[in-house]
Undergrad: 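Mind having a look at this structure? Questions to follow.
Just so we're on the same page: letters track the sequence lines, and every chain starts at 1. Treat the numbers as computed from the prediction; the structure is a model and nothing was measured.
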2 protein chains.
Amino acid sequence: MARPKQTTSPNRRRQILEQAAGLFKTNGFNATTMRQLAEQSGMEAASLYNHISSKEELLREICCTVANDFNAHLLQLEADDSCASRKMEAIIRFHIHMLLTRYNDVYVSNRDWKHLKEPWLTNFLNQRKLYENRLAAIIQQGVDAGKFKPVHPHVAVLTILSAVRSIEYWQRSKKAISSKQIADDLVMLLLKGLEQ
Amino acid sequence: MARPKQTTSPNRRRQILEQAAGLFKTNGFNATTMRQLAEQSGMEAASLYNHISSKEELLREICCTVANDFNAHLLQLEADDSCASRKMEAIIRFHIHMLLTRYNDVYVSNRDWKHLKEPWLTNFLNQRKLYENRLAAIIQQGVDAGKFKPVHPHVAVLTILSAVRSIEYWQRSKKAISSKQIADDLVMLLLKGLEQ
DNA sequence: CCTACCGATCGGTAGG
DNA sequence: CCTACCGATCGGTAGG
């Protein structure tokens with residue numbers, strides 16, 4: 001049987017990307033070295049460059065994938081005809097779900113996007129801005145319909161997006177609280193408030 | 001008139017610290033170089049070491065100062081006999097106030113504490129944990145008194161602490177919204193919720 | 001996928 | 001506060 005030519009396999013590449021996300025999350029993008037990544041991937045640093053073209057490309061791929069997923073979900077939700085309240089709850093729950101199931105990628109994307117190079121940095125920021133504006137539009141609809149309090153929509157958007165990131169702390173410390181209770185509490189806090 | 005001996009002045013040190021906070025905020029701790037800091041301070045990199053002993057010392061001073069200020073405020077508040085609701089509002093408003101008036105320091109402390117060296121890293125994390133526990137205790141009092149919804153106190157604490165950091169985004173983009181409106185909206189959202 | 005290696009840059013020191 | 005410089009380490013390349 002002929003041994004298959006050992007060219008760069010997409011599988012190997014995906015493994016490297018996963019390891020990179022883990023290292024970036026733990027140490028930060030700058031503090032992660034290609035030698036660390038190589039060791040975790042079972043090869044020499046120089047060999048990584050058969051699978052990727054640069055360290056920044058790894059970050060780029062992580063950030064773009066995450067951004068695309070959030071975009072796709074929102075696009076689908078906007079086509080829906082449920083009320084603003086239900087939409088906001090779905091958005092909050094989706095963010096929680098992303099944080100819980102793809103912790104490393106989302107965490108790194110949230111913190112390390114600053115190290116993207118142009119033109120990807122500008123593109124990333126534009127996409128994020130657009131995403132926030134679309135969330136603000138949903139909240140504005142709720143305000144107009146008298147369903148939401150008359151808050152400034154952008155304040156509400158950033159508050160909610162920030163609050164949802166508290167999941168990061170839970171993922172870190174494996175507390176004796178189920179994901180479901182955390183998610184339910186978060187949704188209640190943001191939609192109904194802390195006070196009784 | 002005798003020219004005063006030009007030894008290391010506390011003033012110069014404070015200036016360097018302020019510049020460092022600005023650079024750390026913009027570029028991150030690792031990506032900030034002592035040569036950049038030297039240039040902004042109007043001297044050569046080597047000369048910085050007449051005023052400080054290491055790059056990490058700068059970060060340490062920033063993180064400790066911020067942590068002490070939050071601690072002091074909470075200590076004072078705990079002696080107060082107002083209800084849990086009023087206490088939580090005061091805490092939220094203090095966090096907002098710190099973010100607005102000492103943006104660089106708080107931002108860097110929130111993001112770059114990971115680069116502290118031992119034993120300060122452990123000390124910082126212990127202090128933060130203790131702070132969160134004391135907030136959770138206040139929330140628990142509110143829940144017991146029937147003033148707060150029956151949420152898990154730690155979930156509420158982390159949600160609120162995360163939400164308050166959304167101020168960071170506002171500080172960055174000078175929007176046409178006053179600090180007061182942002183603060184009021186934030187307090188309302190967290191205590192009363194988004195829904196009408 | 002490896003060995004060998006490069007140019008750049010880093011935080012920090014010596015000695016004045 | 002400066003000049004001169006060091007040892008370490010980085011991301012990445014050459015050439016196989």
Side-chain angles (χ1 to χ4, degrees), chain A residues 2-24 26-63 108 112 114-118 120-121, chain B residues 2-24 26-63 108 112 114-118 120-121:
Chain A
R3 197 145 111 281
K5 226 173 83 183
Q6 189 74 20
T7 48
T8 65
S9 97
N11 263 355
R12 205 85 182 80
R13 195 172 193 283
R14 201 164 36 75
Q15 282 169 20
I16 291 170
L17 217 93
E18 246 168 70
Q19 306 275 9
L23 286 170
F24 291 167
T26 305
N27 309 323
F29 177 73
N30 267 329
T32 299
T33 72
M34 296 307 274
R35 280 148 180 91
Q36 288 173 339
L37 179 56
E39 194 185 9
Q40 285 214 4
S41 302
M43 62 179 81
E44 293 302 313
S47 306
L48 289 170
Y49 293 88
N50 281 310
H51 303 283
I52 59 158
S53 71
S54 73
K55 184 184 174 184
E56 191 255 0
E57 189 193 58
L58 291 164
L59 179 64
R60 196 191 311 154
E61 204 143 321
I62 291 169
C63 292
V108 168
D112 286 335
K114 222 177 260 207
H115 301 105
L116 289 170
K117 285 183 181 155
E118 296 291 3
W120 296 279
L121 176 58
Chain B
R3 196 145 111 279
K5 227 175 82 185
Q6 187 75 20
T7 48
T8 64
S9 96
N11 263 354
R12 204 87 184 79
R13 194 172 193 282
R14 202 165 34 76
Q15 283 169 19
I16 291 170
L17 217 94
E18 245 168 69
Q19 306 275 9
L23 285 170
F24 291 167
T26 306
N27 309 323
F29 177 74
N30 267 329
T32 299
T33 73
M34 296 308 274
R35 280 147 180 93
Q36 288 173 340
L37 178 58
E39 197 185 7
Q40 285 214 2
S41 303
M43 61 179 81
E44 293 302 314
S47 305
L48 289 170
Y49 292 89
N50 282 311
H51 303 283
I52 59 157
S53 72
S54 73
K55 182 183 174 185
E56 191 254 0
E57 190 194 55
L58 291 164
L59 178 65
R60 199 191 311 153
E61 204 143 320
I62 292 169
C63 292
V108 168
D112 286 334
K114 223 179 260 210
H115 300 105
L116 289 170
K117 284 183 182 158
E118 295 294 1
W120 297 279
L121 176 59

Undergrad: Please name all residues satisfying side-chain hydrogen bond (donor to acceptor under 3.5 Å, both in side chains) with B/D112, sequence neighbours left out, ordered by chain then number.
TA: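 With neighbours one apart ignored, the set is empty.
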Undergrad: Tell me, please, which residues at least two apart from A/Q19 pass side-chain hydrogen bond (donor to acceptor under 3.5 Å, both in side chains).
TA: none
Undergrad: Once pairs are restricted to Watson-Crick or G-U wobble with both distances under 3.5 Å, how does DNA chain C read as a dot-bracket string, [ ] for crossings and | for other-strand pairs?
TA: ||||||||||||||||
Undergrad: Can you list the residues that meet the ring pair (Phe, Tyr, Trp, His ring centres under 6.0 Å) rule with A/F24, with sequence neighbours excluded?
TA: A/F29
Undergrad: Could you list the residues that satisfy side-chain hydrogen bond (donor to acceptor under 3.5 Å, both in side chains) with B/E39, not counting sequence neighbours?
TA: none
Undergrad: Sequence neighbours excluded, which residues qualify as side chain to side chain contact (heavy atoms under 4.5 Å, CB included) partners of A/T26?
TA: none
Undergrad: Please name all residues satisfying side-chain hydrogen bond (donor to acceptor under 3.5 Å, both in side chains) with A/Q15, sequence neighbours left out, ordered by chain then number.
TA: A/R12
Undergrad: Applying side chain to side chain contact (heavy atoms under 4.5 Å, CB included), can you list everything that pairs with A/A46, at least two apart in sequence or on another chain?
TA: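 None.
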Undergrad: Does the protein touch nucleotides 3-16 of chain C at the base, only the backbone, or not at all? Give it as B, S and - per nucleotide, heavy atoms under 4.0 Å.
TA: BB-----SBBB---
